[in-house]
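Below is one structure, written out as structure tokens; the observations come after it.
All figures in this text were calculated on a predicted structure; none of them were measured in a lab. Heads up: numbering here begins at 1 and tracks the sequence.
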Amino acid sequence: MADANALVIVLMGSKSDWDTMRQCDEVLTKFDVPHECRVLSAHRTPKETSEYVSGAEARGVEVVIAAAGGAAHLAGVCAAHTVLPVLGVPMESASLKGMDSLLSTVQMPAGIPVGTLAIGPAGARNAALLAVAILANRRPELRERLRQFRAEQSAKVLRETLT
Ligand code: RP5
């Protein structure tokens with residue numbers, strides 16, 4: 001999914017993360033945010049990861065989203081290679097239910113920040129929404145769409161009935 005005009009790049013450490021991260025892709029698509037999703041691993045493809053992230057700013061990317069599970073250092077590695085905002089999404093893991101991913105992603109030493117979202121699907125969707133909010137700082141039409149999304153979400157909750 002390459003997009004020469006991508007404003008957001010979505011990286012994941014393995015194709016096994018895609019089932020969760022497709023939700024991030026769906027939200028960005030819903031907001032018509034040009035983006036691309038790619039599998040790159042901090043430990044399996046370290047050189048390609050550093051090259052890809054290092055070149056992101058020059059090609060116009062504004063936000064990096066990185067998802068990984070287990071000893072999840074992908075977001076931290078991305079943050080080490082760019083000054084763009086990096087949002088980390090901890091993947092739910094088989095052995096520790098994502099607590100390993102969460103702690104690996106969130107516990108960045110001072111100086112190289114990673115904005116860490118919730119474990120799993122909620123984190124995947126919220127990473128996209130937070131990326132939209134960041135982009136919306138300089139794009140009034142996107143901010144309006146974000147307001148509309150929130151209003152629709154509220155209306156849906158208020159329509160709920162319990163039978
Ligand atoms: C991490 O290891 C990936 O982000 C994935 O969540 C986890 C397991 O990867 P696979 O063994 O399924 O490829 O690097």
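- Applying the side chain to side chain donor-acceptor pair (under 3.5 Å) test to pairs two or more places apart or on separate chains, those with a residue in residues 32-41 are Asp25-His35, Asp32-Arg145, Glu36-Tyr52, Glu36-Arg59.
- Residue pairs that meet the side chain to side chain donor-acceptor pair (under 3.5 Å) test with at least one member in residues 105-114, sequence neighbours left out, do not exist here.
- For the residue pair Glu57 and Val83, the shortest heavy atom distance occurs at OE1-CG2, 3.8 Å.
- Side-chain heavy atoms closer than 4.5 Å link hydrophobic residues (I, L, V, M, F, W, Y) into clusters, and following such links, possibly through other members, connects Met21 to Val63.
- Considering CD1 of Ile119 and OG1 of Thr20, their distance stands at 11.5 Å, rounded to 0.5 Å.
- When all heavy atoms are compared, the tightest approach of Ala71 to Ser104 is CA-OG, 3.8 Å.
- In terms of heavy-atom proximity, Leu74 sits nearest to Met12 at CD2-C, 3.9 Å.
- Val77 and Val106 are assigned to two separate hydrophobic clusters, defined by single-linkage of ILVMFWY side chains at heavy-atom distances under 4.5 Å.
- The only option from Leu87, Leu102, Leu129 that meets the side chain to side chain contact (heavy atoms under 4.5 Å, CB included) definition with Leu117 turns out to be Leu87.
- Closest approach of Val8 to Val33, counting heavy atoms only: CG2-CG1, 3.8 Å.
- Evaluation of the side-chain hydrogen bond (donor to acceptor under 3.5 Å, both in side chains) rule for Arg143 yields Asn137 as partners, not counting sequence neighbours.
- Salt bridge status for Lys30 with Glu26: absent, with no side-chain N to carboxylate O gap under 4.0 Å.
- Under the 4.5 Å side-chain contact rule for hydrophobic residues, Leu84 and Val10 do not share a cluster.
- Taking CG of Leu28 as the start and CD1 of Ile65 as the end, the distance is 5.0 Å to the nearest 0.5 Å.
- When every heavy atom of Val89 is checked against every heavy atom of Ala118, the shortest pair comes out as CG1-O, 4.1 Å.
- To the nearest 0.5 Å, the span separating CD on Glu62 from CG on Leu135 amounts to 5.5 Å.
- Under the 4.5 Å side-chain criterion, counting only non-hydrogen atoms from C-beta, Thr116 is in contact with Pro90.
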Sequence neighbours left out, cut at 3.5 Å: what donor-acceptor pairs do the side chains of residues 146-160 make with other protein atoms?
unit_1: Gln148; atom_1: NE2; unit_2: Glu152; atom_2: OE2; d: 3.3
unit_1: Ser154; atom_1: OG; unit_2: Arg150; atom_2: O; d: 3.0

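- Residue pairs meeting the side chain to side chain donor-acceptor pair (under 3.5 Å) criterion with at least one member in residues 73-93, sequence neighbours excluded, are His43-His73, Ser93-Asp100.
- Taken to the nearest 0.5 Å, the CE atom of Met91 stands 9.5 Å off from the OG atom of Ser16.
- A single hydrophobic cluster is not seen to contain both Leu11 and Leu7; linkage of ILVMFWY side chains at heavy-atom distances under 4.5 Å, directly or through other members, places them apart.
- The two atoms that bring Ala56 and Ile9 nearest to each other are CB-CD1, 3.9 Å, heavy atoms only.
- Judged as a side-chain hydrogen bond (donor to acceptor under 3.5 Å, both in side chains), and not counting sequence neighbours, Asn5 has no contacts.
- In this structure, Val27 is a member of the same hydrophobic cluster as Ile134, with clusters built from ILVMFWY side-chain heavy atoms closer than 4.5 Å.
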